[in-house]
Amino acid sequence: MTDDLHEVYAIRYGHHDRKAAENFIGGDPHDVLQPLDFFVWAIVGKSGVIVLDTGFDAAMGKKRQRELIKPVGDGLKTIGIDPAAVETVILSHMHYDHVGNYDLFPRARYHLQDLEMGYATGRCMCHGALRLPFEVEDVVSLVRKVFDGRVVFHDGEDEIVPGVTVHHIGGHSKGLQSVRVKTRRGYVVLAADASHLYAHLESGRVFPLTYNVHEVVEGYVTLKKLASSPAHVVPGHDPLVLARYPAAKPGLESWVVRLDAEPRG
Ligand SMILES: [Zn+2]
Ligand SMILES: [Zn+2]
């Protein structure tokens with residue numbers, strides 16, 4: 001393996017059943033279920049382990065009425081990653097389903113866009129509609145990490161380690177960033193909530209929870225440009241990810257899949 005190639009894993013931890021119409025501005029003509037899954041991602045290379053997003057815990061799942069299927073720490077351990085040893089966490093954005101489990105990574109430094117911290121602590125949070133996906137304890141916990149010297153800020157595009165870069169997308173949340181990873185099959189882009197489902201990316205439609213629609217649709221263009229092909233973009237909440245990629249090892253189907261492997265069919 002050359003030094004800048006990485007293995008990439010999607011680790012599913014939660015689930016939420018909902019109607020398709022709830023996933024798109026303007027609704028959807030199909031009266032069917034289109035559930036969301038919840039993921040964190042692990043990027044493994046010569047320079048160590050990087051975890052993208054930290055998920056929510058059981059208490060938050062209960063509060064938000066989202067099903068916690070397997071705790072985030074269990075998912076990481078099942079592929080040999082000890083959360084207590086992880087030194088690098090990237091946060092795509094600060095919504096409750098991406099920044100919980102505050103104490104799971106005691107040694108980690110957290111990489112975040114300047115704009116996201118400003119957004120989550122400033123005047124936009126005076127408005128209920130914008131505040132909805134944020135939890136004050138999540139935000140406070142991250143502010144504490146700033147004062148502990150454990151947050152690294154980025155403004156736009158930046159390199160985390162050779163082969164792993166963050167890219168400000170905005171749109172869904174003001175400081176949302178996606179992550180591009182160099183792998184054996186080319187550049188894989190972990191969109192996180194820059195595209196919740198494949199359907200958003202493919203049809204140009206927009207998830208209802210949105211700070212700026214223009215940035216969302218421009219984001220789709222950017223994601224495709226950053227990836228080696230449109231099929232190299234991995235949406236943040238799509239159960240199809242588990243169907244399209246092979247299990248990290250036997251028995252982990254529907255839990256942990258390998259994103260640096262060729263998709264199936
Ligand atoms: Zn979000
Ligand atoms: Zn999300």
Side-chain angles (χ1 to χ4, degrees), residues 10-18 20 22-25 34-42 51-57 60-61 63-72 75 89-102 110-113 115-121 124-125 127-139 141-142 166-179 189-201 205-213 215-220 222-223 233-242 259:
I11 301 157
R12 177 194 189 222
Y13 72 90
H15 184 79
H16 185 231
D17 277 325
R18 55 165 69 202
E22 294 175 66
N23 289 327
F24 304 97
I25 289 178
Q34 190 175 41
L36 298 184
D37 274 339
F38 294 80
F39 297 93
V40 300
W41 299 267
V51 173
L52 170 60
D53 289 343
T54 60
F56 58 71
D57 63 10
M60 185 57 67
K63 179 176 179 189
R64 292 273 181 165
Q65 297 179 301
R66 304 292 189 259
E67 188 186 351
L68 180 76
I69 293 178
K70 301 265 196 190
V72 168
V89 168
I90 300 171
L91 297 176
S92 62
H93 61 309
M94 290 171 64
H95 289 172
Y96 78 93
D97 54 319
H98 297 261
V99 296
N101 294 300
Y102 321 134
Y110 291 69
H111 293 255
L112 183 72
Q113 290 282 324
L115 279 177
E116 188 67 358
M117 183 57 93
Y119 182 51
T121 53
C124 285
M125 295 302 107
H127 303 291
L130 300 177
R131 202 164 57 220
L132 190 70
F134 292 91
E135 286 283 339
V136 64
E137 293 307 325
D138 290 351
V139 175
S141 158
L142 207 53
V166 293
H167 302 264
H168 174 248
I169 301 286
H172 167 70
S173 191
K174 190 172 184 179
L176 174 75
Q177 59 185 351
S178 298
V179 180
V189 172
L190 303 172
D193 291 4
S195 187
H196 283 63
L197 302 169
Y198 284 108
H200 292 108
L201 204 60
R205 289 180 294 165
V206 176
F207 193 77
L209 204 65
T210 295
Y211 167 79
N212 180 314
V213 169
E215 288 179 2
V216 173
V217 290
E218 282 292 328
Y220 298 155
T222 303
L223 295 172
V233 180
V234 181
H237 284 278
D238 201 326
L240 279 176
V241 168
L242 297 162
L259 302 175

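For the numbers below, each heavy atom of this structure counts, side chains included, while hydrogens, waters and symmetry mates do not. Given the structure is predicted, the values throughout are model-derived calculations rather than measurements. Counting starts at 1 for both ligands and their atoms, following the listed order. Here, residue 1 is the first one in the sequence, and each next residue gets the next number.
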Query raised in the report: How about H98: does one of its N, O or S atoms come closer than 2.8 Å to the Zn ion (ligand 2)?
Result: yes
Query raised in the report: Taking all non-hydrogen atoms of both residues, which atom of P35 and which atom of H15 are closest, and how far apart?
Result: CB-CE1, 3.4 Å
Query raised in the report: In D193, the N, O or S atom nearest to the Zn ion (ligand 1) is which?
Result: OD2
Report summary line: Per residue D97, nearest N, O or S atom to the Zn ion (ligand 2) is named OD2
Query raised in the report: If you look at H237, which of its N/O/S atoms is nearest to the Zn ion (ligand 2)?
Result: NE2
Query raised in the report: So, for H16 and H237, is the gap between ring centers shorter than 6.0 Å?
Result: no
Report task. Assess the pair H200 and F24: is the distance between their ring centroids shorter than 6.0 Å? Result -> yes
Requested in this report: Find out whether L176 and Q113 are in side-chain contact, i.e. whether some heavy atom of one side chain is under 4.5 Å from a heavy atom of the other.
Outcome: no
Query - Exercise: do H93 and D193 side chains pair donor with acceptor under 3.5 Å - result: yes
Query - N/O/S from H196 sitting under 2.8 Å away from the Zn ion (ligand 1) - result: no
Query raised in the report: Taking 2.8 Å as the cut-off, does an N/O/S atom of H95 lie below it from the Zn ion (ligand 1)?
Result: yes
